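One structure coming up, written as structure tokens, with questions to follow.
Just follow the structure's listing: the first ligand is 1, and inside any ligand the first atom is 1. Computed over heavy atoms, backbone and side chain alike; hydrogens, waters and symmetry mates excluded. Not measured: the values here are computed from a predicted model.
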Amino acid sequence: MLSGKQPILVLREGTERERGRDAQHNNIRAAMAIADAVRSTLGPKGMDKMLVDSMGDVVITNDGVTILKEIDIEHPAAKMIVEVAKTQDEECGDGTTSAVIFAGELLKKALDLIEQNVHPTVIADGYRMASKEACKILESIAENVKPNDEEILMYIASTSLTGKAAAANKDLLSDIAYKAVSAVSDEENGKVTVDLDNVKIEKKHGGSVEDTELIEGIVLDKERVHPSMPKSVKNAKILLLNTALEIKKTEVDAQIRISDPNQLQKFLDEEEAMLRKMVSKIEASGANVVLCQKGIDDLAQHYLSKAGIFAVRRVKKSDMEKLARATGALVISEIDEIEKSDMGYAGKVEEKKISDDEMVFVTECKKAKAVTILIRGGTEHVIDEIERGMHDALSVVSVTIEDGKMTAGGGSAATEISLGLRNYASSVGGREQMAVESFADAIDIIPKALATNAGIDAIDMLIELKKAHKEGKKYYGVNILKGKPGDMKKMNVMEPMRVGLQAIRSATETANMILRIDDVIAAKGGGGGGGMPPGGMGGMPPGGMGGMPEM
Ligand SMILES: Nc1ncnc2c1ncn2[C@@H]1O[C@H](COP(=O)(O)OP(=O)(O)O)[C@@H](O)[C@H]1O
Ligand SMILES: [Mg+2]
């Protein structure tokens, strides 16, 4: 036998390893801790969090995904929960807190089952079945929405803003969200798509949130390069340039030695002539507005203003793309190759003073499929949180328009699913049935957390909600104001169906993934992302090759 031989070292020295139940418990606890961290922000009475990073920068937010992105999370399983929030945000832009606390609750219930000796893979199977059924139930209670159902879409936007800093100006912001999404939505063969890239968000502090406005066109946080250029241009023929109106510097280091002052003058004259030529080419093209992604030389600015051309420099690349879409212009990189057909069109280009700064407004565009939301507010923190709210509102309106489906919120859909799953569980049988029942319990966390956060007794609320739903009141959810169940549809608490579907799917997938792990092998310094690179200390681990077993 091998007894008495040196041990075999497979893993690098310092590698940490957790196995079996320890690994499971620790992973689940870490994931649950993340869910606990965001639970108090859920719903209309959810509180905000103030996050301070290592540089002392402060973010105040109610947004699940923002909180989780901002905090520095070390534990690998906890990081997986953060991914749930990110996926939810990418797919629907809302429901991030709900998805995370649901995933945490699924894991908590799984822990109870593990303690009763139900095998994790059985739990995962049961959860998967339950998740499929839950989505079916949600789809069955969803209702149709048409892209022009303005009132309903505004309710959906407004539900997504509830409980956030933006809620105080819910009506205005919902209206803006609806109009912005409608302006950029496209219908092809009866299928509606919304590209939110066509909605530009521009922020300017000063004024108040009520001054936030929707502009049909593009707003640039820039001023014209020269004060004697026209302040406003009607019937603008717009040239989009992504090359500098400057004399190119040579790539290599070159020195020019000049011995005679005349030579210097000649050299300067030559530069001037080149710039003049560039500008006259632009002039010849008929452009009266130049929006340049790169720099514009002082002299070129002077010539442009003499030619009565309105010019802006150092426009962001992303804005250039939006401008191209909105005005129908082609972005040009060679001044020699400008053609009339490359030119874009806007009814009006003008510089306006917003608060203390100048901004450029490109409006009455050829294609109106580009709008800007100019967010205003007293301070940077307020504006940032309004922007996050706006992101949610824009997202929910656009996913509802795309799918044409919505469900009632306030925990009403969750209650309907929970009851439906209990019926379904009896048809499943075996140990998986226990997992389906646990899933049904886990989804109750949504109405429970909504109630708790509003200072309502969660258990009483749950009992009353279930009673109402058994009586067929399928829209009943948590009425925060009354502390009793109420009809969410009548209260206009509506959400896109996709938010619910995605939350169920990604929470289940992640919970299952965490459940199936029974061995965590972490490299030294691993888990936190930093740490030593492999082989960082050099050399073989002691005994690495030494103790090979005999064949
Ligand atoms: N007026 C309301 N009454 C009850 N519940 C509401 C109301 N408005 C929104 N909700 C619920 O609040 C939850 C969303 O809370 P929120 O803090 O935005 O978290 P999430 O990040 O999950 O979107 C949803 O379940 C939604 O139905
Ligand atoms: Mg929300």
Legend entry - Closest heavy-atom pair and its distance - I480, P44: CG1-CG, 3.7 Å
Legend entry - Shortest protein heavy-atom distance from atom 18 (O) of ligand 1, along with the residue and atom involved: K164 NZ, 3.4 Å
Inset, instruction - Could you tell me if any non-hydrogen atom of G95 lies under 4.0 Å from any atom of ligand 1? - result: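 Flag set, G95 near ligand 1.
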Inset, instruction - Answer yes or no for P44: is there a heavy-atom contact with ligand 1 below 4.0 Å? - result: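 It does; at least one heavy atom falls under 4.0 Å.
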Inset, instruction - Just jot down the ligand 1 atoms closer than 4.0 angstrom to any heavy atom of G43, in number order. - result: 12 (O), 15 (O), 16 (P), 17 (O)
Legend entry - Pair H75, N26: side-chain N/O donor-acceptor within cut-off below 3.5 Å: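 N26 and H75 do not have a side-chain donor-acceptor pair below 3.5 Å.
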Legend entry - Min side-chain heavy-atom separation L465-D444 under 4.5 Å: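 No - every pair of side-chain heavy atoms lies 4.5 Å or more apart.
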Inset, instruction - Would you please say whether a donor-acceptor pair under 3.5 Å links the side chains of N62 and K49? - result: no
Inset, instruction - Provide, to 0.1 Å, the distance between atom 23 (O) of ligand 1 and the closest protein heavy atom, together with that atom's residue and name. - result: D94 OD1, 2.7 Å
Inset, instruction - Could you list the atoms of ligand 1 found under 4.0 angstrom from a heavy atom of T41? - result: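 Result: 17 (O).
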Inset, instruction - Select one of side chain, backbone, both or neither to describe which atoms of M491 lie under 4.0 Å from any atom of ligand 1, heavy atoms only. - result: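 The answer is neither.
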Inset, instruction - List the atom of K204, the atom of R376, and the distance in Å for their closest heavy-atom pair. - result: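 Scanning both residues completely, I find the closest heavy atoms to be O-NE, 3.2 Å.
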Legend entry - Nearest-neighbour protein heavy atom for atom 22 (O) of ligand 1, which is reported as residue plus atom name and distance: S98 OG, 2.6 Å
Legend entry - Heavy atom of the protein closest to atom 24 (C) of ligand 1 (residue, atom name, distance): E495 OE2, 3.0 Å
Inset, instruction - Could you tell me whether T162 approaches ligand 1 through its side chain, its backbone, both or neither, with non-hydrogen atoms closer than 4.0 Å? - result: side chain
Inset, instruction - Inspect the contact between K467 and E464 and indicate whether a charged nitrogen and a carboxylate oxygen are less than 4.0 angstrom apart. - result: no
Inset, instruction - Could you list which atoms of ligand 1 come closer than 4.0 Å to a heavy atom of L42? - result: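 Listed by number with element: 15 (O), 17 (O), 19 (O), 22 (O).
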Inset, instruction - Specify whether an N/O/S atom of D63 falls short of 2.8 Å from the Mg ion (ligand 2). - result: no
Legend entry - Presence of salt bridge, D221 and K316, under 4.0 angstrom: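 Salt bridge: no.
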Legend entry - Distance filter under 4.0 Å to T159 heavy atoms, resulting ligand 1 atoms: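 Result: 8 (N), 9 (C).
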Inset, instruction - Identify, for atom 5 (N) of ligand 1, the protein heavy atom at the shortest distance, and state residue, atom and that distance. - result: G410 CA, 3.3 Å
Legend entry - Ligand-residue contact atoms, ligand 1 with G409, heavy atoms, under 4.0 Å: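 Under 4.0 Å from G409, ligand 1 has these atoms: 27 (O).
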Legend entry - Residue D94 atom name (nearest to the Mg ion (ligand 2); N/O/S):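 Atom name returned: OD1.
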Inset, instruction - Looking only at protein heavy atoms, identify the closest one to atom 4 (C) of ligand 1 and say how far it is in Å. - result: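 The answer is V478 O, 3.4 Å.
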Inset, instruction - Among all protein heavy atoms, pick the one closest to atom 1 (N) of ligand 1 and tell me residue, atom and distance. - result: V493 CG2, 3.5 Å
Legend entry - Atoms in ligand 1 with a heavy atom of N62 nearer than 4.0 Å: 17 (O)
Legend entry - K191 bridged to E188 by N-O distance under 4.0 Å: no
Legend entry - Ionic contact status for K203 with D384, cut-off 4.0 Å: yes
Legend entry - Structural part of T97 in contact with ligand 1, heavy atom criterion under 4.0 angstrom: both
Legend entry - Check ion pair R388-D63 (N to O, under 4.0 angstrom): no
